[in-house]
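Take a look at the structure below.
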There are 2 protein chains.
Amino acid sequence: MRKVERQSHLRQLINNTNIERQDDFVRLLAQKHIEVTQATISRDIKEMQLVKVPTAGGGYHYSFPPKKQMDSEKKMRRTLRDAFISMNAQDNMVVINVHPGNGPALATLISQTNDESLFATIGDDATVLSICKTKAATHEFMNKMTNLLAD
Amino acid sequence: MRKVERQSHLRQLINNTNIERQDDFVRLLAQKHIEVTQATISRDIKEMQLVKVPTAGGGYHYSFPPKKQMDSEKKMRRTLRDAFISMNAQDNMVVINVHPGNGPALATLISQTNDESLFATIGDDATVLSICKTKAATHEFMNKMTNLLAD
DNA sequence: TGTGAATAGGAATTCAAG
DNA sequence: CTTGAATTCCTATTCACA
């Protein structure tokens, strides 16, 4: 099925680029040799419950569903609190040590956060490694994690 | 100035009714003897950063800005944790007792949550009273508070 | 500035069709 | 059940004006 694959591209595009209108999706997918029309994108957006958010700067951009965003952050906080042992950063990477068994879950949750500044996140049994796109993002990411633990 | 007033009506309408498109705003404002056109609503929406959210049921409805929603929930959790003493319900009302001085802040935060099921919330120095629209909503509201405390 | 009227522009749906 | 083309519907902007 082509739809599932395309929709995951949509998620990726939202993370990595600033999508201002549906035709942006069409254009960028075309570059990946996925040819679809605006009609299809509109349906995908409805199905995925993406929203067009007016931005502070006076423009618009598509984003992930508000409720799911909140939910996954809540879950992440719970897991973090439950399993957290320690966190360290080096360059643009952050390592989070957790109690055995919790790595994969936390890694998945971090990924689902759809944080634009993250390059990748992987987790084994007791370790989660997040690679940020920039060093600045690394600090932001650590702050975010710290805040979740503290809030 | 007329705009500020109108925009607060918009907030109210989002809370109390299911707004599917901008013309719904126009129509409902007209009933309140506020005559505006769709163009103005579009500008308000941009300014207030409201979003049109695809719903699970296959429709659409306008809602509050996702980020502000998250932020105010976080603040609420912090304040709750800080100040919470006890909570009790009777009929469709919920009373939250807090440490002296925290009532007004918590009441404001609860109001800002824009919970559709709330009729009103007021807070004095150490007490917050939330009146829900229905008895069912009362339970939901208590659950929500409990979860914020527990999460 | 803030607004309405008109219009352009973007998004959702209908209507085949695979 | 998924899609594209065409169309309708909805939203944003332009332009004139208070």
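Sequence lines set the chain letters: A, B, ... in the order given, protein chains first and strands last, and positions in each chain run from 1.
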Practice problem: Quick one: list whatever passes side-chain contact (heavy atoms from CB on, under 4.5 Å) with B/Pro54, sequence neighbours left out. | Solution: A/Lys46, A/Gln49, A/Val51, B/Tyr60
Practice problem: Using modelled atom types only, decide if a donor and an acceptor are shared between the side chain of B/Asn147 and the backbone of B/Asn143 within a distance under 3.5 Å. | Solution: yes
Quiz prompt | Residues that B/Arg78 engages under side-chain hydrogen bond (donor to acceptor under 3.5 Å, both in side chains), provided they are two or more places apart | solution = A/Asp151
Quiz item: Just how far, in rounded Å, is C1' of D/dT11 from CD of B/Glu47?
Solution: 16 Å
Quiz item: Listed in order of residue number, which residues of residues 29-37 of chain B have a non-hydrogen atom at under 4.0 Å from DNA chain D?
Solution: none
Exercise. Identify, with sequence neighbours excluded, every residue that meets side-chain contact (heavy atoms from CB on, under 4.5 Å) alongside A/Phe84.
Key: A/Leu80, A/Met87, A/Ile96, A/Leu149
Quiz item: B/Arg6 has an atom CZ; how far is it from atom P of C/dT1, in whole Å?
Solution: 16 Å
Exercise. Please identify each residue that fulfils salt bridge (charged side-chain N to carboxylate O under 4.0 Å, His left out) with A/Lys74, with sequence neighbours left out.
Key: B/Glu73
Practice problem: Using only heavy-atom distances, determine whether the side chains of B/Asp44 and B/Gln7 contain a donor-acceptor pair under 3.5 Å. | Solution: yes
Quiz item: For every nucleotide of nucleotides 11-17 of chain C, 5' to 3': is a protein heavy atom under 4.0 Å from its base (B), only from its sugar-phosphate (S), or from neither (-)?
Solution: BBBB---
Quiz item: With A/Thr138, which residues qualify under side-chain contact (heavy atoms from CB on, under 4.5 Å), at least two apart?
Solution: A/Ala89, A/Asn92, A/Val94, A/Cys132
Exercise. Keeping the roles fixed (side chain from A/Thr127, backbone from A/Asp124), state whether a donor-acceptor pair exists under 3.5 Å.
Key: no
Exercise. Rounded to the nearest angstrom, tell me the gap between atom CG in A/Asp44 and atom C1' in C/dG10.
Key: 17 Å
Quiz item: Which residues pass the salt bridge (charged side-chain N to carboxylate O under 4.0 Å, His left out) test with A/Glu20, sequence neighbours left out?
Solution: none
Quiz item: Roughly how bent is the helix from C/dT1-D/dA18 to C/dG18-D/dC1 end to end, in steps of 10 degrees, with each end axis from five pairs?
Solution: 30°
Quiz item: Who passes salt bridge (charged side-chain N to carboxylate O under 4.0 Å, His left out) against A/Glu140, sequence neighbours left out?
Solution: none
Can you pull every protein N or O that's under 3.5 Å from an N or O on nucleotides 16-18 of chain D?
none

Practice problem: Apply salt bridge (charged side-chain N to carboxylate O under 4.0 Å, His left out) to A/Arg43 and list each qualifying residue two or more places apart in sequence or on a separate chain. | Solution: none
Quiz item: Hey, does the side chain of A/Asp125 reach the backbone of A/Gly101 with a donor-acceptor pair shorter than 3.5 angstrom?
Solution: yes
Quiz item: Do B/Ser111 side-chain atoms and B/Ala107 backbone N/O form a donor-acceptor pair below 3.5 Å?
Solution: yes
Quiz item: Rounding to a whole Å, what distance do you find between A/Glu5:CD and D/dT3:P?
Solution: 11 Å
Self-check item: Whole-Å distance separating the NE2 atom of B/His61 from the P atom of D/dC10
Solution: 17 Å
